[in-house]
Amino acid sequence: GEKYDLCFTSNWANPYYVKVKNGVLADLTDALPQWAPKYYGGLNPGIWLAPKVGGRIYAGVNQQIVPSAFGPIVREDLAQKYGLDLSTIKKIEDMEPFNDQILEGEGGQVIPSETTYFWWSTYWKVDGAPSYGATYYDDEEIKLRHLWDIPEWRQCMELSRRWNQAGYTDKELVPDAAKQAAVNAGKYGYVFHCAKPGGGAERKAYTGRMYISTIIEDPCLLTTGGIIATMTGVNKQTSSLEACMRYMELVNTDKPFYNLLCKGIEGKHWVWADKEKEVIAFPEGVVAETHPYNPNTDWEFGDQFNAYYVDPEQVGAWEETRKINDASVPSVLLGFALDTDPIKNEIAELSAASAEFSDMVNGLVDLEKAIPAYIDALINAGAEKVLAEVQRQVDEWKATK
């Protein structure tokens, strides 16, 4: 009920489907082509399938890398020290020799992997978009399964456990704030995440260290979750939908305007390092720790492909990213949105039950006992009813495609 105009929304923060269901967000379906035509028409039409709910659009997509593009993002100094050739890394397990080198060579001061939970579904060729249940990205029948019925999930759990026992990951769960401080202090060798072009330079901006990366998700998948991960919504109570749309047109198509928001004022917050290549730097005497305006969240505001580069290492990253987006393979579930109303109580219970097993999914406990207990807990929380309802909705959606 608060008065505001625009907000960030996604599948992981300020949850999009919840806001749509609650009637918080304005319907942008007609407003986008009317008042933001360059922005609306400039994206691949397939992208606009993802935020549709009941055939209507309630948020604008902030263009960045669209697929998950999973892979290791590695401290460059350690990669050079131990001769890591990222071109040889094709799967998670290929990092194990590097892990052993770090354990032996860094005297226990560096933990190889910041990541402890390896279920990045698209890497395993699975789409978990329905909120519960999952299917293989190319299963034209779209048969949903419980995660525990997917062999790759069990393989992933075993990987997490084995890595924990080998000392490749933290021996206990670390709170997010403490983990970020540890990352900044150089405690970890690498992280598995979205290994997008130019991401190493972005990471350098807040850690002070350069990172290199490679994408091991093959093929890269185009999923609803990947597209709706960064969007801008409009408050249904805004005083001017037209003004909000004109702003979205600017922030997605006007490069100087976008960079003013993302980077600040030229000469005060940034200076040209190479104007021809659109590389900027901090003014003399200014560093990240003392910078008066350095959000470092370009993806949160609009089309990241309009951003000035902050490091020479990034030059060309946006064009590379476009190529990755264009080559991504759509999942069979692209565009599906679950109506949670019929099963909202069960979903809440499933979420609560799942939260009790964070030790298991992070590899901290014996799986022979933990997985059966996990399955029992989710079944008792209503997993079978939820899966049946999600499958029913998927079947209905599929019939209308």
Side-chain angles (χ1 to χ4, degrees), residues 2 4-68 127-131 221-254 258 298-306 322 325-326 328 330-341 390 393-394 396-401:
E2 294 179 4
Y4 67 90
D5 291 299
L6 300 109
C7 63
F8 181 84
T9 182
S10 69
N11 54 348
W12 59 271
N14 195 31
Y16 176 63
Y17 294 124
V18 173
K19 302 305 175 185
V20 173
K21 178 63 65 177
N22 292 345
V24 172
L25 299 177
D27 185 337
L28 309 183
T29 314
D30 300 321
L32 278 162
Q34 181 178 359
W35 291 312
K38 287 172 61 180
Y39 162 51
Y40 180 73
L43 297 187
N44 183 324
I47 288 177
W48 292 111
L49 294 174
K52 283 191 174 182
V53 180
R56 310 299 290 178
I57 298 171
Y58 295 89
V61 176
N62 300 341
Q63 182 165 229
Q64 53 157 353
I65 190 163
V66 174
S68 298
D127 189 339
S131 297
L221 302 183
L222 196 61
T223 65
T224 302
I227 294 171
I228 70 168
T230 55
M231 300 193 297
T232 301
V234 176
N235 187 356
K236 198 171 186 177
Q237 299 187 57
T238 180
S239 57
S240 176
L241 178 59
E242 178 181 351
C244 290
M245 288 296 94
R246 294 194 184 281
Y247 163 83
M248 289 177 71
E249 177 84 330
L250 276 173
V251 81
N252 285 283
T253 63
D254 187 301
Y258 173 76
D298 302 355
W299 47 268
E300 194 169 7
F301 301 129
D303 188 340
Q304 191 175 22
F305 295 168
N306 287 320
R322 286 185 193 276
N325 286 354
D326 291 344
S328 297
S331 165
V332 291
L333 275 172
L334 180 61
F336 173 75
L338 178 68
D339 177 5
T340 59
D341 269 2
V390 177
Q393 292 189 33
V394 166
E396 283 188 357
W397 169 78
K398 184 175 67 171
T400 64
K401 290 179 65 178

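Rounding to the nearest 0.5 Å places CD1 of Ile228 at 13.0 Å from CG of Leu49. For the atom pair Leu222 CG and Ile47 CD1, the distance stands at 7.0 Å (nearest 0.5 Å). Separation of atoms OG1 (Thr29) and CD1 (Ile57) is listed at 5.0 Å; rounding is to 0.5 Å. Here the CG atom belonging to Asn325 is positioned 8.5 Å from the CG atom belonging to Asn44, to the nearest 0.5 angstrom. In this structure, Asn252 CG and Phe301 CZ are separated by 12.5 Å, a value rounded to the nearest 0.5 Å. Atom NZ of Lys236 and atom NZ of Lys19 lie 14.0 Å apart (nearest 0.5 Å).
What you find for Ala26 and Leu241 is that their closest heavy atoms are CB-CD1, 4.3 Å. Residues Cys244 and Thr238 share a closest heavy-atom pair of SG-OG1, 3.5 Å. Taking all atoms of both residues into account, the shortest heavy-atom contact from Ala337 to Gln393 is O-OE1, 4.4 Å. Smallest separation of non-hydrogen atoms from Met248 and Val234: SD-CG2, 4.2 Å. Listed here is the closest heavy atom pair of Pro37 and Pro33: CB-O, 3.5 Å. Scanning both residues, Tyr39 and Glu249, for their nearest heavy atoms gives N-OE1, 2.9 Å.
For Asp5, there are no salt bridge (Lys or Arg N to Asp or Glu O under 4.0 Å) partners two or more places apart in sequence or in a different chain. Partners of Phe336 under the ring-ring contact (aromatic ring centres under 6.0 Å, His included) rule, at least two apart in sequence or in another chain, are Trp397. Residues meeting the ring-ring contact (aromatic ring centres under 6.0 Å, His included) test with Tyr58, sequence neighbours left out: none. Evaluation of the salt bridge (Lys or Arg N to Asp or Glu O under 4.0 Å) rule for Arg56 yields Asp27, Asp30 as partners, not counting sequence neighbours.
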Subject >> CA sep, side-chain torsions, deciding dist, call: Lys21, Asp339, side-chain contact (heavy atoms from CB on, under 4.5 Å) >> reply: CA-CA 8 Å; Lys21 178 63 65 177; Asp339 177 5; 2.9 Å; yes
Subject >> Verdict with supporting geometry, Arg322 and Gln63, side-chain contact (heavy atoms from CB on, under 4.5 Å) >> reply: CA-CA 10 Å; Arg322 286 185 193 276; Gln63 182 165 229; 4.2 Å; yes
Subject >> Worked verdict on Thr253 versus Asp303 for side chain to side chain donor-acceptor pair (under 3.5 Å) >> reply: CA-CA 8 Å; Thr253 63; Asp303 188 340; over 6 Å; no
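Two residues are said to be in side-chain contact when any heavy atoms from C-beta on lie closer than 4.5 Å; Thr223 and Leu333 fail this criterion. No side-chain heavy atom of Glu300 sits less than 4.5 Å from a side-chain heavy atom of Thr230. You'll find the side chain of Asn14 reaches within 4.5 Å of the side chain of Cys7, heavy atoms only. Residues Leu334 and Ile227 are in side-chain contact: their nearest non-hydrogen atoms beyond the backbone lie under 4.5 Å apart. Counting heavy atoms from C-beta on, the side chains of Tyr258 and Asp254 never come closer than 4.5 Å.
No more than 12 heavy-atom neighbours from other residues, nucleotides or ligands sit within 6.0 angstrom of NZ on Lys38. More than 12 non-hydrogen atoms from other residues, nucleotides or ligands lie less than 6.0 angstrom from CD of Glu396.
Side-chain atoms of Trp48 do not come within 3.5 Å of backbone N or O of Leu43 as any donor-acceptor pair.
A side-chain contact (heavy atoms from CB on, under 4.5 Å) with Met231 is found for exactly one of Asn11, Val61, Leu25, namely Val61.
Within the structure, the ring pair (Phe, Tyr, Trp, His ring centres under 6.0 Å) test picks out no pair touching residues 223-246 (sequence neighbours left out). Applying the ring pair (Phe, Tyr, Trp, His ring centres under 6.0 Å) test to pairs two or more places apart or on separate chains, those with a residue in residues 11-35 are Phe8-Trp12.
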